[in-house]
Peer 1: 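Pasting in a structure now, in structure tokens, and then I'll have a few things to ask.
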Amino acid sequence: MSEHTSTERLFRIAIALKGLDGAVQLVGALILAFVPSAVVTGFAHAVITRDLLGDPSGTLARHLQVAAEHFAAGGTKTFAVGYLLAHGLVKLGLVWALARKWLRAYPVAMVVLAAFVAYEIYRAIETHSIALPFFALLDAVIILLVYREYRALKRA
């Protein structure tokens with residue numbers, strides 16, 4: 001019984017974090033939609049030139065500079081806004097359904113999160129992102145927690 005309670009508690013924490021993540025993504029999408037690209041590239045330049053990432057010619061600084069340049073070119077900005085907006089709305093919807101223990105939402109959540117994991121891995125390979133593998137791992141852990149909670153609810 002205490003294992004179920006701790007698993008359920010961990011599940012609740014995970015979906016709360018996913019909800020917070022969805023809200024932050026939604027707000028981030030709205031901010032990015034209205035912030036001029038020059039502000040983003042200027043911020044990246046300031047971070048790089050002030051050695052906030054270590055050596056300005058280092059890997060992390062180069063990664064940020066390339067990302068800012070792609071963002072300024074327009075395609076990445078459109079992608080980022082769409083990606084954050086879609087992810088934020090989907091995550092908030094799933095969190096709402098899971099928090100209400102709507103049994104039909106659990107398989108949907110697992111499939112959607114698995115699609116997020118696959119896409120995050122694909123984009124990480126394509127873009128050499130250092131953050132996306134972390135998010136993919138986090139989503140995989142949440143899939144496991146959703147599955148365990150789903151099984152527990154079906155048994156009850």
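Counting from 1, the numbers follow the sequence of the chain as shown. Everything quoted here is computed from the prediction, not taken from an experiment.
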Peer 1: In Å and rounded to the nearest 0.5 Å, what is the NZ to CG distance from K91 to D21?
Peer 2: 3.5 Å
Peer 1: Membership question, hydrophobic clusters at under 4.5 Å side-chain separation (ILVMFWY): are L94 and L10 in the same one?
Peer 2: yes
Peer 1: If every non-hydrogen atom of A23 is compared with every non-hydrogen atom of L92, which pair is closest and at what distance?
Peer 2: N-CD2, 3.9 Å
Peer 1: Mind checking the CG-CD1 spacing from D139 to I121? Nearest 0.5 Å is all I need.
Peer 2: 10.0 Å
Peer 1: Does Y83, at its OH atom, have more than 12 non-hydrogen atoms belonging to other residues, nucleotides or ligands within less than 6.0 Å?
Peer 2: yes
Peer 1: Please report the interatomic distance NE2(H87) to CZ(F135), rounded to the nearest 0.5 Å.
Peer 2: 11.0 Å
Peer 1: In terms of side-chain geometry, is the basic nitrogen of R123 or E120 positioned less than 4.0 Å from the acidic oxygen of its partner?
Peer 2: no
Peer 1: Quick check for you: to the nearest 0.5 Å, what is the distance between I142 atom CD1 and I15 atom CD1?
Peer 2: 9.5 Å
Peer 1: May I ask whether L98 and L103 are part of the same hydrophobic cluster, defined by side-chain heavy atoms of I, L, V, M, F, W, Y residues being less than 4.5 angstrom apart, directly or through others?
Peer 2: yes
Peer 1: State the CG-CD1 distance between L145 and I13, to the nearest 0.5 angstrom.
Peer 2: 10.0 Å
Peer 1: Assigning hydrophobic clusters by single linkage (Ile, Leu, Val, Met, Phe, Trp, Tyr; side-chain heavy-atom cutoff under 4.5 Å), is L137 placed with I130?
Peer 2: no
Peer 1: Just do the side-chain contact (heavy atoms from CB on, under 4.5 Å) check on M110 and Y147 with the steps written out, would you?
Peer 2: CA-CA 7 Å; M110 289 183 279; Y147 175 72; 3.6 Å; yes
Peer 1: Determine whether L26 and L89 satisfy the following criterion, side-chain contact (heavy atoms from CB on, under 4.5 Å), listing intermediate values before the conclusion.
Peer 2: CA-CA 7 Å; L26 192 59; L89 290 173; 3.9 Å; yes
Peer 1: Test of understanding: clusters of I, L, V, M, F, W, Y form through side-chain heavy atoms closer than 4.5 Å, transitively. Do F34 and L85 belong to the same one?
Peer 2: no
Peer 1: Is there a path of hydrophobic side-chain contacts, each under 4.5 Å between heavy atoms of I/L/V/M/F/W/Y residues, joining I143 to V141?
Peer 2: yes
Peer 1: What's the separation between atom CG in L32 and atom OG1 in T78, rounded to the nearest 0.5 Å?
Peer 2: 10.5 Å
Peer 1: Taking all heavy atoms of V146 and all of A109, pick out the closest pair and write down the distance.
Peer 2: CG1-CB, 4.4 Å
Peer 1: Passes side-chain contact (heavy atoms from CB on, under 4.5 Å), L132 versus Y119? Steps please.
Peer 2: CA-CA 9 Å; L132 285 174; Y119 190 68; over 6 Å; no
Peer 1: Charged N to carboxylate O below 4.0 Å: is that the case for E8 and K101?
Peer 2: yes
